[in-house]
Amino acid sequence: MASIAAEFALLSSGLDLKRRVFNVPILPLRVGVKNRLNCLVTKALLQEQLKGLQKTKDLGFDVVKEIELRENGFMGMRKTKLVCTVGPACCSSEELEKLALGGMNVARLNMCHSTRDWHQDVIRKIKKLNQEKGFCVSVMIDTEGSQIHVLDHGAPSSVKAEEGSIWFFTKEKFDGCRPFTVKANYEGFNEGVKEGDELVVDGGMATFEVIERIGNDLRCKCTDPGILLPRAKFSFWRDGKLVEKHHDLPTFSDKDWSDIEFGISEGVDFIALSFVKDAAAVNHLKDHFSTKNESVKVLAKIECLESLKNLEEIVEASDGIMVARGDLGVEVPLEQVPTVQEEIIDLCRRLNKPVVIASQLLESMIEYPTPTRAEVADVSEAVRQCADALMLSGESAMGSYGQKAISVLRMTSTRMELWGREENQQCFLPQIGESLPDQIAEQICSCAGQMANKLAVDAIFVYTVHGHMASLLSRNRPNPPIFAFTNKNSTRMALTLQWGVLPITFDLSDDMDANISKTTHLMKAKGMMKQGDVILVVSDVIPMSVTPSVYQSLQVVVIE
């Protein structure tokens with residue numbers, strides 16, 4: 001424990017670290033000869049510190065962030081949010097707690113897998129951990145959607161396709177598996193396909209040449225050997241271009257609606273909508289929530305060509321975006337995926353919508369305890385591009401090293417955020433507000449971000465009911481952390497996905513001076529602030545005694 005504490009102390013010294021390259025602090029990421037990844041914050045150390053924390057009823061602060069603040073200070077707090085997919089490898093209460101302690105902000109459940117009872121059990125375990133342990137982990141369910149381009153070889157695990165081997169792709173239904181036979185999951189999967197076309201599996205995991213059409217089926221030769229995973233995605237290519245297919249399938253299947261109603265009944269915070277083709281599907285679901293007076297946030301998954309063609313309208317309609325690079329890479333040439341990702345992140349930031357980068361971030365860690373350097377570089381690039389959140393899929397759901405994977409995301413994002421602050425990267429953000437109140441709020445938050453950086457304040461406090469001002473502050477990517485005090489639990493859980501925002505439950509009053517005095521006093525009493533700390537305060541709380549429709553404030557407070 002002593003060695004762990006010593007390493008943590010070194011890592012948590014933030015901008016004061018003396019080891020620097022190009023004037024940027026270097027956080028040690030050491031991998032031993034036995035491939036042991038030293039975590040930035042280990043479960044053992046966190047558990048030890050949790051014993052010393054006293055819960056305060058008046059301040060609903062995430063205990064993991066409280067420890068991070070105590071150890072690292074304001075500027076050492078991680079801004080990029082982490083999403084973990086829950087699966088067989090991490091569905092117990094103990095494993096979920098380890099992920100929460102490791103930095104998980106959002107737990108994602110993929111409705112393509114497992115039973116309803118299993119999902120219900122996981123959701124309730126997460127909510128129990130939040131309530132009993134003081135975490136702030138929100139829950140996201142991911143709809144299955146109208147899955148079309150899916151293959152199944154019938155085997156429980158992967159199957160190897162050797163170069164030159166002949167395979168039969170069919171729509172015929174049969175039980176179990178047959179040698180060199182793969183089932184497609186929809187009629188007309190070979191429509192428009194010609195002999196000589198390429199059938200590409202999972203964006204390049206294996207490639208086949210179509211050598212013969214046999215009725216509605218295909219006989220193909222493996223030209224690039226590789227692995228066929230269960231439920232692999234496939235696409236057809238001709239002369240380097242995708243053979244586009246237009247299937248008039250609804251975004252919502254009957255199962256999706258059933259899963260959505262289940263999510264509402266279990267009080268989930270986000271629903272990630274699969275295979276979104278246009279804004280109509282998003283608006284339809286949001287209207288459905290409005291009729292039920294539900295505050296569930298809708299994230300649109302960008303994973304097909306149709307969604308790219310209607311990208312801006314989808315982003316505008318959604319509460320957030322998930323860039324599903326795995327499925328997207330099936331229909332987009334590999335070399336275009338990085339630029340598409342950056343364009344989506346840029347658009348989401350301009351329109352003030354949180355964006356999650358998903359799929360294959362640390363794919364090798366499903367089987368190995370350390371990532372490839374290329375994977376770390378990929379994660380770093382997503383952080384540099386100012387993505388709000390990074391997501392683990394199979395790494396946490398079925399891998400053996402989920403805790404180490406989240407440690408890599410945490411350490412890498414922390415390092416890149418320090419780099420960005422040193423570089424003082426700024427960019428021009430266009431105005432998005434149309435009404436006068438929205439424009440005023442936007443300008444206040446823009447000025448607040450600039451003031452926070454220029455004055456080098458320690459933190460930004462925002463008092464908000466619905467979270468709008470907090471999201472506008474996040475959009476500007478200020479250096480200090482953003483503490484969002486809200487009296488609505490739905491707002492608190494929604495803000496778990498926003499870059500740099502630490503949502504805190506607090507009983508807001510009409511008296512702003514009282515709000516500021518009480519929150520600063522509580523944080524000072526808990527050892528998270530000290531005399532002389534400088535905070536920038538933003539508020540959109542409207543006192544009952546005020547008649548104008550616009551009431552926002554901006555002030556600087558020095559802690560006494």
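Source: prediction; values computed, not measured. All residue numbers refer to positions in the sequence shown, counting from 1.
- Contact annotation: the side chain of M322 approaches that of D142 to within less than 4.5 Å [non-hydrogen atoms, C-beta and beyond].
- In terms of modelled atom types and a separation under 3.5 Å, the side chain of S474 and the main chain of A470 share no donor-acceptor contact.
- Distance check: L472 CG to I444 CD1 gives 10.0 Å after rounding to the nearest 0.5 Å.
- Counting heavy atoms from C-beta outward, C136 and R492 have side chains that approach closer than 4.5 Å.
- Contact of the S400 side chain with the I366 side chain is not registered, since no non-hydrogen atoms from C-beta on lie closer than 4.5 Å.
- Considering every non-hydrogen atom in both F270 and S138, the closest pair reads CE1-OG, 3.4 Å.
- A donor-acceptor pair is defined here as one N or O able to donate and one able to accept, closer than 3.5 Å; no such pair exists between the side chain of T412 and the backbone of L409.
- A donor-acceptor contact shorter than 3.5 Å links the side chain of K353 to the backbone of S318.
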Working note: V379 + V408, criterion side chain to side chain contact (heavy atoms under 4.5 Å, CB included); need CA distance, chi angles, decisive distance, verdict. CA-CA 9 Å; V379 171; V408 172; 5.8 Å; no

Can T464 and D540 be said to form a side-chain hydrogen bond (donor to acceptor under 3.5 Å, both in side chains), step by step? CA-CA 6 Å; T464 179; D540 61 10; 3.1 Å; yes

Residue pair R475, D388: steps toward the salt bridge (Lys or Arg N to Asp or Glu O under 4.0 Å) verdict: CA-CA 9 Å; R475 177 181 185 238; D388 288 85; over 6 Å; no

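- Taken to the nearest 0.5 Å, the CG atom of L497 stands 10.5 Å off from the CG atom of D319.
- Contact between I345 and A382 at its shortest, heavy atoms only, is CD1-O, 4.5 Å.
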Starting from the C-alpha separation in whole Å, work towards a yes-or-no answer on side chain to side chain contact (heavy atoms under 4.5 Å, CB included) for F483 and L69. CA-CA 11 Å; F483 294 84; L69 175 57; 4.1 Å; yes

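- Residue I126 holds its CD1 atom at 15.0 Å from NZ of K133, rounded to the nearest 0.5 Å.
- In this structure the side chain of L82 reaches within 4.5 angstrom of the side chain of N105, judged on heavy atoms.
- By the 4.0 Å N-to-carboxylate-O rule, K65 lies close enough to E68 to be salt-bridged with it.
- Formation of a donor-acceptor pair under 3.5 Å by the E417 side chain with backbone atoms of T80 is found in this model.
- Put simply, the side chain of K79 reaches to within 4.5 Å of the side chain of P481, judged on heavy atoms.
- Closest approach of G500 and K81 over heavy atoms only: N-CE, 4.2 Å.
- Side chain to side chain, Q439 and Q443 fail the donor-acceptor criterion of an N or O pair below 3.5 Å.
- Between V268 and V296, the shortest heavy-atom distance links the atoms O-CG2, 3.7 Å.
- Once rounded to the nearest 0.5 Å, the distance linking CG of L508 with CE of M512 reads 8.0 Å.
- Tested against I460, the residues V537, L473, V501, N479 include a single side chain to side chain contact (heavy atoms under 4.5 Å, CB included) partner, L473.
- Residues N476 and C445 meet the side-chain proximity criterion, which asks for heavy atoms closer than 4.5 Å.
- A donor and an acceptor atom, one from each side chain of R325 and Q360, are nowhere located under 3.5 Å apart.
- Each of F485, F461, F506 was checked for a side chain to side chain contact (heavy atoms under 4.5 Å, CB included) with N515, and the lone residue meeting it is F506.
- Between the side chain of E331 and the backbone N or O of E303 there is no donor-acceptor pair closer than 3.5 Å.
- Annotation for L495 and G467: closest pair CD2-O, 4.0 Å, computed over non-hydrogen atoms.
- One finds the CZ atom of R384 at 7.0 Å from the CE atom of M416 (value rounded to the nearest 0.5 Å).
- Using modelled atom types, one side-chain atom of S274 and one backbone atom of T143 make a donor-acceptor pair closer than 3.5 Å.
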CA sep, side-chain torsions, deciding dist, call: K530, D533, salt bridge (Lys or Arg N to Asp or Glu O under 4.0 Å): CA-CA 6 Å; K530 64 183 184 300; D533 284 343; 3.2 Å; yes

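- When side chains are defined from C-beta on, V556 counts as touching M451, because their heavy atoms get closer than 4.5 Å.
- With R70 contributing its side chain and K526 its backbone, the two residues share a donor-acceptor pair below 3.5 Å.
- For K524 (side chain) and E560 (main-chain N/O), a donor-acceptor pair under 3.5 Å exists by modelled atom type.
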Are L99 and E95 close enough, and set up right, to give a side chain to side chain contact (heavy atoms under 4.5 Å, CB included), and what steps lead you there? CA-CA 6 Å; L99 290 177; E95 293 300 321; 5.8 Å; no

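- Taking 4.5 Å as the limit, every side-chain heavy atom of N72 sits out of range of all side-chain heavy atoms of R78.
- Between D62 atom CG and L502 atom CG the span is 7.5 Å, to the nearest 0.5 Å.
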So L305 and L242, side chain to side chain contact (heavy atoms under 4.5 Å, CB included) or not? Walk me through it. CA-CA 10 Å; L305 281 179; L242 180 73; 3.1 Å; yes

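- Panel note: side chain R477, backbone C386; a donor-acceptor pair is recorded below 3.5 Å.
- S380 places a side-chain N or O within donor-acceptor distance of the main-chain N or O of V376, the cut-off being under 3.5 Å.
- Considering all non-hydrogen atoms of both residues, K301 and A324 come closest at CE-CB, 4.2 Å.
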